Amino acid sequence: MTRARYYAGIGSRTTPMEVLPVMRDAAQALAERGYILRSGGAVGADSAFEEGADAAGGGKEIFYAESSIPTWAFDTVDRYHPAPGRLTARGRRLMARNAMQIMGEGCGIPVAFVLCWTPGGTGKGGTGQALRIATDYGIPIFDLALPEVMARVDRFLERARRSA
């Protein structure tokens, strides 16, 4: 039996318009290769990844802040957020939801890698919470704001197009 492969397709709500099609195409190519998307359902990057997974009929796990969030995910907020005391109740829910994007609903199957976009490739913003967790678990992070990562993804997509 083949073990499912998960990745987190996440990023800023302010992801540049020219990056969104790259995210869609990458998600579609990954879905065609059996990867299952984990994301958060927000506008911008999350939606672009979800559209790509849907285009290929791929699997996905979308974690919304409004859905049921387990206690273990809330516990990660205090551990990984630089200022958890400043968060609103909704902010805590969003940060807890980010843990599920990396570790899954039951915290048992981490993603193989994270594909994201953060402003200037800094890992800042809400996405930063997921990236701090991924870093702690040794999960590779590929931030499309970094030119070398964008070039690598472009090469992957070119190979995917040729093999289609």
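Values below: every heavy atom of this structure, side chains too, minus hydrogens, waters and symmetry copies. Every value quoted in this text rests on a predicted model; they were computed, and no experiment measured them.
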Please give me the minimum heavy-atom distance between Gly108 and Pro110, naming the atom from each residue. O-CD, 3.7 Å
Between Pro119 and Ser12, what is the shortest heavy-atom contact and its length? CD-CB, 4.4 Å
Answer yes or no: is there a side-chain heavy-atom contact under 4.5 Å between Arg90 and Glu66? yes
What are the two closest heavy atoms between Ala8 and Ile102, and how far apart are they? CB-CD1, 4.0 Å
Trace of the salt bridge (charged side-chain N to carboxylate O under 4.0 Å, His left out) decision for Arg162 with Glu158: CA-CA 6 Å; Arg162 283 196 305 263; Glu158 184 57 37; 3.7 Å; yes
Is there a path of hydrophobic side-chain contacts, each under 4.5 Å between heavy atoms, that joins Met95 and Phe63? no
Could you check whether any side-chain heavy atom of Val114 comes within less than 4.5 Å of a side-chain heavy atom of Gln101, counting everything from C-beta outward? no
Under 3.5 Å donor-acceptor, Arg97 side chain and Gly40 backbone: yes
Would Val77 end up clustered with Tyr137 when hydrophobic side chains under 4.5 Å apart are linked, directly or stepwise? no
Rounded to the nearest 0.5 Å, what's the gap from CG on Leu131 to CD1 on Ile141? Could you check? 4.5 Å
Working to the nearest 0.5 angstrom, can you tell me the gap between Asp46 CG and Thr127 OG1? 7.0 Å
So, taking the atom named CZ in Arg38 and the one named CG in Asn98, what distance separates them when rounded to the nearest 0.5 Å? 13.0 Å
How close do Ala27 and Ala53 get, heavy atom to heavy atom, and via which atoms? CB-N, 3.7 Å
Look at the rings of Phe113 and Tyr7 and say which category their plane angle falls in: under 30° parallel, 30 to 60° tilted, over 60° perpendicular. parallel
Ser39 (side chain) donor-acceptor with Gly9 (main chain) under 3.5 angstrom: yes
If we only count heavy atoms from C-beta on, is the Phe156 to Leu30 side-chain gap below 4.5 Å? yes
Donor-acceptor contacts under 3.5 Å from residues 67-75 side chains, at least two apart:
from	atom 1	to	atom 2	distance (Å)
Ser67	OG	Tyr64	O	2.6
Trp72	NE1	Glu105	O	3.1

If Ile, Leu, Val, Met, Phe, Trp and Tyr residues are connected whenever their side-chain heavy atoms lie under 4.5 Å apart, and connections chain through other members, are Ile133 and Ile10 in the same group? yes
Hey, does Thr76 have a side-chain heavy atom less than 4.5 Å from the side chain of Met103? no
Measure the spacing between CG of Asp143 and CD of Glu148 and express it to the nearest 0.5 Å. 9.5 Å
Do you reckon Phe49 sits in the same ILVMFWY cluster as Trp117, going by side-chain contacts under 4.5 Å, direct or chained? yes
Arg161 atom CZ, neighbour heavy-atom count above 12 within 6.0 Å: yes
Which pair of non-hydrogen atoms, one from Glu61 and one from Gly104, has the smallest distance, and what is that distance? OE1-CA, 4.5 Å
Show the nearest heavy-atom pair for residues Ala83 and His81, with the distance to one decimal. N-ND1, 2.9 Å
Under a 4.5 Å cut-off applied to non-hydrogen side-chain atoms, are Gln129 and Leu87 in contact? no
So if you build clusters from Ile, Leu, Val, Met, Phe, Trp, Tyr with side-chain heavy-atom gaps below 4.5 Å, do Met100 and Leu94 land together? no
Which value, rounded to the nearest 0.5 Å, describes the distance between Arg132 atom CZ and Tyr80 atom OH? 10.5 Å
Any Tyr6 side-chain heavy atom under 4.5 Å of Ile109 side chain: yes
Between Asp78 and Arg92, is there a salt bridge with N-O shorter than 4.0 Å? yes
Side-chain donor/acceptor of Arg33 to backbone N/O of Ala29, under 3.5 Å: yes
Roughly how far apart are Thr118 OG1 and Leu146 CG, rounded to 0.5 Å? 7.0 Å
Taking the side chain as C-beta and beyond, is there a heavy-atom pair between Leu20 and Met23 under 4.5 Å? yes
